[in-house]
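We're numbering straight along the sequence, starting at 1. Remember, predicted model here, so these are calculated numbers, not experimental data.
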Amino acid sequence: MANTLVVYYSRKGENHMPGGIQVLEKGNTAYAAEYVAKAVNADLFEIDTLQPYAENYRECCMEAVQEAKAKARPEIKGFVDSIAQYDNIFVCFPCWCGTAPMSIFTFLEHYDLSGKKIAPLCTNEGSGLANSEADIAASCPGAVMAPGLSIKGHQCKDSEELLATWAKENV
């Protein structure tokens, strides 16, 4: 069993991309998470919300804004049975409202992550990591925060080498 976990949330369907809204069969963050997991031989866990977000991109954005303002913790379909065996946890997500989607916090706050190394990876089209590093650190008291990585979502699919290099530097 790996001592590294890659946990991620990724939106497929309508997404903001250069040139406007595009429909993706697979979300950008899923590519990034898979490349990171492959590079460091990690276990991979996808966060999936119990209540799906709107299919329409703009409606989904409005839902995300409401969740962020309320500091909501949406229910997710499941958790990793035990986090004890993991020393390193990569947290991969799109930037929503200047931070990670609230479902990321639902996942992180479910566990005591004291002593675990947390490495955030944020996909976005220009916002960078925004407040996500500080917000994740606040949700993981006692964890050791690794330097985060920001990557443009539309570049994820073709960035395996970059993502692998970053991942290997953070285990």
Side-chain angles (χ1 to χ4, degrees), residues 2-17 24-49 52-53 57 60-61 64 67-68 73-74 76-80 83 85-111 113 116-140 143-171:
N3 75 338
T4 301
L5 173 67
V6 175
V7 58
Y8 72 99
Y9 175 81
S10 188
R11 178 175 167 82
K12 59 186 170 199
E14 288 189 4
N15 271 267
H16 179 267
M17 302 284 278
L24 306 178
E25 289 185 35
K26 181 176 184 175
N28 295 316
T29 308
Y31 286 106
E34 289 169 3
Y35 293 153
V36 169
K38 177 181 169 187
V40 295
N41 192 33
D43 290 338
L44 189 63
F45 182 82
E46 181 179 9
I47 294 172
D48 193 9
T49 55
Y53 292 102
Y57 177 77
C60 177
C61 290
E67 282 186 354
R73 297 301 184 255
I76 61 177
K77 291 183 179 177
F79 293 91
V80 174
I83 208 90
Q85 70 271 25
Y86 300 114
D87 298 322
N88 308 297
I89 302 171
F90 289 88
V91 182
C92 308
F93 53 89
C95 187
W96 283 13
C97 305
T99 192
M102 295 296 105
S103 59
I104 291 289
F105 300 107
T106 300
F107 181 87
L108 295 173
E109 293 169 2
H110 183 76
Y111 303 100
L113 299 172
K116 308 288 184 186
K117 186 176 187 180
I118 309 294
L121 186 154
C122 177
T123 63
N124 61 85
E125 290 303 328
S127 63
L129 287 156
N131 295 320
S132 63
E133 287 177 297
D135 293 344
I136 289 171
S139 289
C140 303
V144 177
M145 294 298 294
L149 177 68
S150 168
I151 184 169
K152 292 198 183 284
H154 74 275
Q155 294 175 343
C156 288
K157 191 174 180 180
D158 299 319
S159 296
E160 184 171 4
E161 187 176 324
L162 168 76
L163 292 160
T165 299
W166 175 77
K168 290 174 185 176
E169 290 171 354
N170 285 289
V171 288

Visitor: Return the CD1 to SG distance between Ile118 and Cys140, rounded to the nearest 0.5 Å.
Guide: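 Those atoms lie 4.5 Å apart.
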Visitor: Is there a side-chain contact between Lys168 and Val40 (heavy atoms, below 4.5 Å)?
Guide: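 Sidechains of Val40 and Lys168: in contact.
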Visitor: Quick one, Pro120 and Phe93 - any side-chain contact, counting heavy atoms below 4.5 Å?
Guide: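 Pro120 reaches Phe93 side chain to side chain.
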Visitor: Is any side-chain heavy atom of Cys92 less than 4.5 Å from a side-chain heavy atom of Val6?
Guide: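 In contact.
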Visitor: With sequence neighbours left out, write down each residue that passes ring-ring contact (aromatic ring centres under 6.0 Å, His included) with Phe105, or none if nothing qualifies.
Guide: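 Checked Phe105 against ring-ring contact (aromatic ring centres under 6.0 Å, His included); zero matches.
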Visitor: Does any part of the side chain of Cys60, heavy atoms only, come nearer than 4.5 Å to the side chain of Arg11, both counted from C-beta?
Guide: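 The answer is yes; the side chains approach within 4.5 Å.
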Visitor: Check salt bridge (charged side-chain N to carboxylate O under 4.0 Å, His left out) between Lys38 and all other residues, then give those that pass, not counting sequence neighbours.
Guide: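 Applying salt bridge (charged side-chain N to carboxylate O under 4.0 Å, His left out) to Lys38 gives Glu160.
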Visitor: List the residues meeting side-chain hydrogen bond (donor to acceptor under 3.5 Å, both in side chains) with Glu133, not counting sequence neighbours, and say none if there are none.
Guide: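 Here no residue qualifies.
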Visitor: Apply side chain to side chain contact (heavy atoms under 4.5 Å, CB included) to Glu125 and list each qualifying residue two or more places apart in sequence or on a separate chain.
Guide: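 With sequence neighbours excluded, Glu125 shows a side chain to side chain contact (heavy atoms under 4.5 Å, CB included) to His16, Met17, Pro18, Lys152, His154, given in chain and number order.
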Visitor: Identify, with sequence neighbours excluded, every residue that meets salt bridge (charged side-chain N to carboxylate O under 4.0 Å, His left out) alongside Asp48.
Guide: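 Partners of Asp48 by the salt bridge (charged side-chain N to carboxylate O under 4.0 Å, His left out) criterion, ordered by chain and then number, come out as Lys77.
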Visitor: Which residues satisfy the side-chain hydrogen bond (donor to acceptor under 3.5 Å, both in side chains) test with Thr99, sequence neighbours excluded?
Guide: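 Expected list: Asp135.
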Visitor: Can you tell if the side chain of Ile83 reaches within under 4.5 Å of the side chain of Ile89, non-hydrogen atoms only?
Guide: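 The answer is yes; the side chains approach within 4.5 Å.
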Visitor: Cys95: which residues meet the side chain to side chain contact (heavy atoms under 4.5 Å, CB included) condition with it, sequence neighbours left out?
Guide: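 Partners of Cys95 under the side chain to side chain contact (heavy atoms under 4.5 Å, CB included) test: Cys122, Asn124, Ser127, Ala130.
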Visitor: Examine distances only and state if a side-chain atom of Trp166 and a backbone atom of Val36 form a donor-acceptor pair shorter than 3.5 Å.
Guide: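 No, the answer is negative, given that no donor and acceptor are paired below the 3.5 Å cut-off.
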Visitor: Students often mix this up, so state it plainly: with edges at 30° and 60°, are the rings of Phe79 and His110 parallel, tilted or perpendicular?
Guide: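 The rings of Phe79 and His110 lie parallel, inter-plane angle below 30°.
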Visitor: In Å, rounded to the nearest 0.5 Å, how long is the span from CG of Leu163 to OG1 of Thr123?
Guide: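 So the CG of Leu163 and the OG1 of Thr123 are separated by 10.0 Å.
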Visitor: Is the shortest side-chain heavy-atom distance between Leu121 and Phe90 below 4.5 Å?
Guide: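 No; the side chains remain at least 4.5 Å from each other.
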Visitor: With sequence neighbours left out, write down each residue that passes side chain to side chain contact (heavy atoms under 4.5 Å, CB included) with Val144, or none if nothing qualifies.
Guide: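 Testing Val144 for side chain to side chain contact (heavy atoms under 4.5 Å, CB included), a comparison that skips the adjacent residues, returns none.
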Visitor: ring-ring contact (aromatic ring centres under 6.0 Å, His included) with Tyr53: which residues, sequence neighbours excluded?
Guide: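 Checked Tyr53 against ring-ring contact (aromatic ring centres under 6.0 Å, His included); matches are Trp96.
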Visitor: Just to verify, what does Glu169 make a side-chain hydrogen bond (donor to acceptor under 3.5 Å, both in side chains) with, not counting sequence neighbours?
Guide: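 If we apply the side-chain hydrogen bond (donor to acceptor under 3.5 Å, both in side chains) test to Glu169, skipping adjacent residues, there are no hits.
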Visitor: For Thr106, what residues pass the side-chain hydrogen bond (donor to acceptor under 3.5 Å, both in side chains) criterion, not counting sequence neighbours?
Guide: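 For Thr106 there are no side-chain hydrogen bond (donor to acceptor under 3.5 Å, both in side chains) partners, ignoring immediate neighbours.
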Visitor: May I ask you to establish whether Lys26 and Tyr31 are in a cation-pi arrangement, using a distance under 6.0 Å from NZ or CZ to the six-membered ring centre and at most 45° from the ring axis?
Guide: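 Here Lys26 passes the 6.0 Å and 45° test against Tyr31.
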Visitor: Could you tell me if the ring centre of Phe45 sits under 6.0 Å from that of Phe107?
Guide: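 So the answer is yes for these two rings.
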Visitor: Report the residues that fulfil side chain to side chain contact (heavy atoms under 4.5 Å, CB included) with Asn88, sequence neighbours left out, ordered by chain and then residue number.
Guide: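 Here the qualifying residues are Asn3, Thr4, Lys117, Val171.
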